[in-house]
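Inspection log for the structure reproduced underneath, given as structure tokens.
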2 protein chains.
Amino acid sequence: MKKKTTIYDIAAKLGLTAATVSRALNNNTKISLNTRKLVLETALEMNYEQNKLALALKSGKSFNVGVIVPRIDSNFFSSVIRGIEEELYPMGYHVIICQTHNQENIENEKINSLVNVQVDGILMSISNANLEENKGFNKLLKNKKTPLVFFDRKKDIKGISSVTIDDFKGGYDATKHLLDQGCKRIAHLSNDRNFEIFRNRYLGYKQALSDNGIEFDERLVIETQSSVLDGRRAARLLLDMETPPDAIFSSSDFAALGAIQEIKESGFKIPEDICVVGFSNEPFTRFMELTTISTVDQFPLEMGRTAAQVFLEEVSNTEDTKITKNVVLTPQLIIRKSSLKHKEA
Amino acid sequence: MKKKTTIYDIAAKLGLTAATVSRALNNNTKISLNTRKLVLETALEMNYEQNKLALALKSGKSFNVGVIVPRIDSNFFSSVIRGIEEELYPMGYHVIICQTHNQENIENEKINSLVNVQVDGILMSISNANLEENKGFNKLLKNKKTPLVFFDRKKDIKGISSVTIDDFKGGYDATKHLLDQGCKRIAHLSNDRNFEIFRNRYLGYKQALSDNGIEFDERLVIETQSSVLDGRRAARLLLDMETPPDAIFSSSDFAALGAIQEIKESGFKIPEDICVVGFSNEPFTRFMELTTISTVDQFPLEMGRTAAQVFLEEVSNTEDTKITKNVVLTPQLIIRKSSLKHKEA
DNA sequence: CATACAATTGTAATCGATTGCATATTAATA
DNA sequence: TATTAATATGCAATCGATTACAATTGTATG
């Protein structure tokens, strides 16, 4: 099992120096055309391949970027990652995946770990709403040469770029649509509002109500996890109220599905009795047989692509002043059967 | 913006040598306990962090593994990757993701690219049934020190480990179940049988028929892509036959869904007129409102974990003789409404 | 013909950590 | 006290590539 050939091997074979070989391989014009050609041929002959690790050590660039997400096995995150990979690979970068499972300590650990292997940047969707209290994270912040880009779940931190969707608008549009359908008592399945995304969906919901003269009723807002079971539980609570709601805007498709199941099993009709809108445009929302689920598309692929582009801009920026970009994508309300009583104008 | 501290910085501060510092940090007993303690404290003080790139160059181990899949945004593959990441991270490895989108040239390129950045191993689900004709791949094969582990879509190559499920059994069990339901004319939505997985599902299907005295009818086997649309098209063809089938075993859940849609829209009842079984246990199969879809679970999480374990065994193997493991997981038939006419015994 | 300048290639340091082989210091033994 | 052994540290090479700064050779010009 022979070792990989290095520039020294090539140099030795040609009676040259490693320096010359290196320059020749990089097509440096200081090296005569003849030598360049010769070196290139020999390199090919000897199956030479540049050792990227050596290069990385010398240059301080690993051409790796870290991506941190709560979990990878969800349609949303895997689509974002798909976008990131597709955008970064052509530029010579490799994508390292890390999952946090929403645990702060794991998130901290993985940030550190990525910094340690000298990634050229980190793209992340935060799991920890109190990220700033995190030592490893703060170290990263100070180290301005390693770009950090938030996507989706971000924290508003000065000097840090982010790519998100306009969750406020998502919440607003969904709620407005329900109002347009004639719904008056619209419940909201929320989630931990320490996260901007859930807070903004909630705020959008409230604003739409207020803009349309509907009084906000705190009892109609239920905090849930993003799961079918939690959706069922929340729906149960709502249905057991004295005056049940006539619509539900859920910040999660899974919870929306759970709610729909519970509602139907309780003998109510969707959308006639209760309209439902979810959030994320998970594949299954479109696959339902009877009641396809209205939802809000977050364009995860584009989000990933954009986050990657922002990263690329930041790494290629040589100025002293850091550019910070906060891109906000526009979500799209997708109206399906679960909320369509009448065709809208 | 100060640079990261190195062992040289620590050495300078303490009037020692980098060698001593290195040894102290590695808890080498040749270094006196006092010095060790001193160095460790100073390292902490100065926020020292080992430069993994330097280490990688020196040791030849990058502690990165590459994972190559057709695409990451499918439930199956992202679940496998989840398993891989969860298993490898605790052992100090990072996972680099590459997608091929089923294109041979991209697959080749990415294999080369990963080898170039000195990954310590590659776990992959092949996109190219003719992988052996691939130059980059063959280079990898010869280089016995970098473990290669196939998962799911493998190629039978001597000396290469793999983790798959028993697709034959999956196909057999699904078909047998349909026979047990009284179906006599069972169609099969297949896919490119140059891939072992599809070939084996097909063979399992055939075997179950033959074992139960049903004659194999080639016209009932339709090659499809794994998509809803293709499932519809295939179902259309089948329904238009003189004698339509009374069951469909699809090697893809998406195609199964498409078939179900087409069948229902044509006025047939599922499962009464036609039973359907899919493959993969995609989330939506369970979420259907009326006709939850029978399918075959492939345990992707476990598959990823196992593939990672096989990799770990191979890298930690110091013997000259290579260990090759071919793990075959057992799939599980999940019977739901789309194929359940009668409760089975 | 001498000098200047351009065109090539070489020398050696560098990135940061590890490690075999000295070397120096101290302690133990004869 | 002389010798040996153990303990602790330093020296210098190494991993493979890049690059500032020589050094060499050749060519052109006055």
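Here is the naming used below: chain letters follow the sequence lines, and residue numbers restart at 1 for every chain.
Straight-line distance from the CE atom of B:Met46 to the C1' atom of C:dG16: 14 Å, rounded to whole Å. As rounded to whole Å, 8 Å separates atom P of D:dA8 from atom CZ of B:Arg36. Rounded to a whole Å, the CG atom of A:Asn28 is 11 Å from the P atom of C:dT9. Per the geometry, CG belonging to A:Leu33 stands 11 Å off P belonging to C:dT9, to the nearest Å. Residue A:Asn34 contributes atom CG, which lies 15 Å from atom P of C:dA7 at whole-angstrom precision. Atom-to-atom, CG of A:Leu57 to P of C:dA13 comes out at 17 Å; the value is rounded to the nearest Å. The nearest whole Å value for the distance from the CG atom in A:Asp9 to the P atom in D:dT14 is 14 Å. The distance between atom CG of A:Leu14 and atom P of C:dG10, rounded to the nearest whole Å, is 10 Å.
Relative orientation of the A:Tyr89 and A:His94 rings is perpendicular, given thresholds of 30° and 60° on the angle between their planes. Using a 30° and 60° split on the angle between ring planes, B:Phe311 and B:Tyr93 fall in the perpendicular class, above 60°.
Under the 4.5 Å side-chain criterion, counting only non-hydrogen atoms from C-beta, B:Asn116 is not in contact with A:Gln50. Side-chain contact check for A:Asn51 versus A:Thr6: every heavy-atom pair is 4.5 Å or farther apart.
If you check every strand for non-hydrogen atoms under 4.0 Å, B:Leu16 touches sugar and phosphate atoms only. When heavy atoms are screened at a 4.0 angstrom cut-off, A:Leu55 is found touching the sugar-phosphate backbone but no base atom. In this structure, A:Leu53 reaches neither bases nor backbone, as no heavy-atom distance under 4.0 Å exists between it and the strands shown. Heavy atoms of B:Ser32 sit under 4.0 angstrom from primed sugar atoms or phosphate atoms, though from no base atom. In this structure, B:Thr35 reaches the sugar-phosphate backbone alone: every heavy-atom distance under 4.0 Å involves primed, P, OP1 or OP2 atoms, never a base. At a threshold of 4.0 angstrom between heavy atoms, the contacts of B:Thr6 are confined to the sugar-phosphate backbone, with no base atom among them. In this structure, A:Gln118 reaches neither bases nor backbone, as no heavy-atom distance under 4.0 Å exists between it and the strands shown.
For the pair A:Lys30 and A:Thr20, both in contact range of DNA chain D, the more 5′-proximal nearest nucleotide belongs to A:Thr20. Residue whose closest nucleotide on DNA chain D sits further toward the 5' end, between B:Gly15 and B:Lys58: B:Gly15.
B:Ser78 and A:Ser78 share no donor-acceptor pair across their side chains, judged by distance under 3.5 Å alone.
Ranking C:dG20, C:dG10, C:dG16 by closeness to the B:Ala54 side chain, first place goes to C:dG16. Distance from the side chain of A:Ser22 is smallest for D:dA17 among the nucleotides D:dA17, C:dT19, C:dT9. Relative to the side chain of A:Arg23, the nucleotides C:dT11, D:dG10, D:dA17 differ in distance, and C:dT11 lies closest. Of the candidates D:dT19, C:dG16, D:dT9, D:dT9 carries the atom nearest the B:Ile31 side chain, counting heavy atoms from C-beta on. Relative to the side chain of A:Tyr8, the nucleotides C:dT19, D:dT18, C:dT9 differ in distance, and D:dT18 lies closest. For B:Ala19, counting side-chain heavy atoms from C-beta on, the closest listed nucleotide (D:dA12, C:dA17, C:dC15) is D:dA12.
For the OP1/OP2 pair of C:dC15 and a distance below 4.0 Å, the side-chain nitrogens and oxygens of B:Asn51 include no atom meeting the criterion.
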For this session: Could you walk me through whether B:Val21 and B:Tyr48 pass side chain to side chain contact (heavy atoms under 4.5 Å, CB included), step by step?
Result: CA-CA 11 Å; B:Val21 173; B:Tyr48 169 76; over 6 Å; no
